[in-house]
Amino acid sequence: MSATPSLPTPRTDAGIAGLAALLERPDRAMLAFDFDGVLSPIIDDPERAFAHPAVVPVLARLAPRFQALAIVTGRPAEVVVRLGGFADVPALAGLLVVGHYGEERWDARTGEITAPPVAEGVESVRRVLPRLLQEWGAPSGTRIEDKGRAVAVHVRQTADPAAAAELLNDRLTALAHDHDLVAQPGRMVLELKPAGMDKGAALRSLVAEVGPRGVAYSGDDLGDLPAYDAVEELRGEGLAGLLVCSGSTEVTALAERADLVLDGPPGVVTFLQALAARLDA
């Protein structure tokens, strides 16, 4: 029989208070997560980035205890629900999944997705991007990901991702600007998306809707920094907050600010299992 994992201690006073609030009143707290790199691994093919196999079981244990569980992702909500295996899980009927940085919302009870129309700039970029990448001499392995409400260019599969990023990033940023979009950098990827779409705004909207007194957010990439900002702002407004980083060697900006730094998705799962065990004790 395996031993129950111990609950780590946050390295900041604010983090210690945030974790204490989760343990004391989980019914007044929300756990929020990015998906890629947090609940699922970062791999070459994003369409095969399935959730860690222990994610659904541990979230199902936590869901009855907490006021809300939420996933805030830059991906389409439907993709995350499919890769996560979150549909048709009775214990997760209240799971909140917002895709495209809050533009989309998946209803776990009905399976329906609500969203506004796709921005005209995204449609335009989608049409011209393949030709432009060819003209710019994008190296073999450069891949376009059509996210529906955004378009991402991945360089992870090129022979020299750093060189590919140096070649393309300024050009892609200018292209985004020309179409009233913004360029969001990530782990070997640059995403072109409408302005105003970020995880901080999405998280704040969820907090306003749910009304928790404590919130924990787990992220791994630069796109999660606005959510970190939101948690720190909420702390200033009197809420307890816990910043969790699913650590990697590719991005260090979150680890420098986090209250807890965990060892990638397996570390996140271990933390959640320890949290569930403490609440069940």
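Numbering starts at 1 and runs along the sequence shown. Because only heavy atoms are used, hydrogens play no part in the values below, and waters and symmetry mates are left out as well, while side chains stay in.
Side chain of Q157 to main chain of D44: a donor-acceptor pair is present (N/O by atom type, distance under 3.5 Å, no hydrogens or angles). Side chain of R235 to main chain of G241: a donor-acceptor pair is present (N/O by atom type, distance under 3.5 Å, no hydrogens or angles).
Ion pairing between a basic and an acidic side chain is recognised when a charged N comes within 4.0 Å of a carboxylate O; R187 and D36 show no such pairing. Between E47 and R75, at least one side-chain nitrogen of the basic residue sits less than 4.0 Å from a carboxylate oxygen of the acidic one, meeting the salt-bridge criterion. Between E103 and K147 there is no salt bridge, since no side-chain N of the basic residue sits under 4.0 Å from a carboxylate O of the acidic one. A salt bridge does not link R171 with E135: every distance from a Lys NZ or Arg NE/NH1/NH2 to an Asp or Glu carboxylate oxygen is 4.0 Å or more. For E78 and R82, the salt-bridge test passes: some basic side-chain N is under 4.0 Å from an acidic carboxylate O. In this structure, R257 pairs ionically with D229, as a charged nitrogen and a carboxylate oxygen lie closer than 4.0 Å.
Interatomic distance, OG of S248 versus CG of D263, reported as 10.0 Å (0.5 Å rounding).
With V151 as the partner, the side-chain contact (heavy atoms from CB on, under 4.5 Å) test is satisfied by one option alone out of K193, R126, E145: R126.
Side-chain heavy atoms closer than 4.5 Å link hydrophobic residues (I, L, V, M, F, W, Y) into clusters, and following such links, even through other members, never connects L172 to V182. Cluster annotation: L22 is not connected to L234 through the hydrophobic network of ILVMFWY side chains, with a link wherever side-chain heavy atoms come within less than 4.5 Å. At a threshold of 4.5 Å between side-chain heavy atoms, the hydrophobic network of Ile, Leu, Val, Met, Phe, Trp and Tyr places V118 and I144 in one connected group. In the hydrophobic clustering of this structure, L243 does not group with F33; members are Ile, Leu, Val, Met, Phe, Trp, Tyr whose side-chain heavy atoms approach within less than 4.5 Å, directly or through other members. One hydrophobic cluster holds both Y228 and L203 under the rule that ILVMFWY side chains link at heavy-atom gaps under 4.5 Å.
Across every non-hydrogen atom of H179 and S124, the tightest pair is CD2-CB, 3.3 Å. Across G223 and K199, no two heavy atoms sit closer than the pair O-CD, 3.5 Å.
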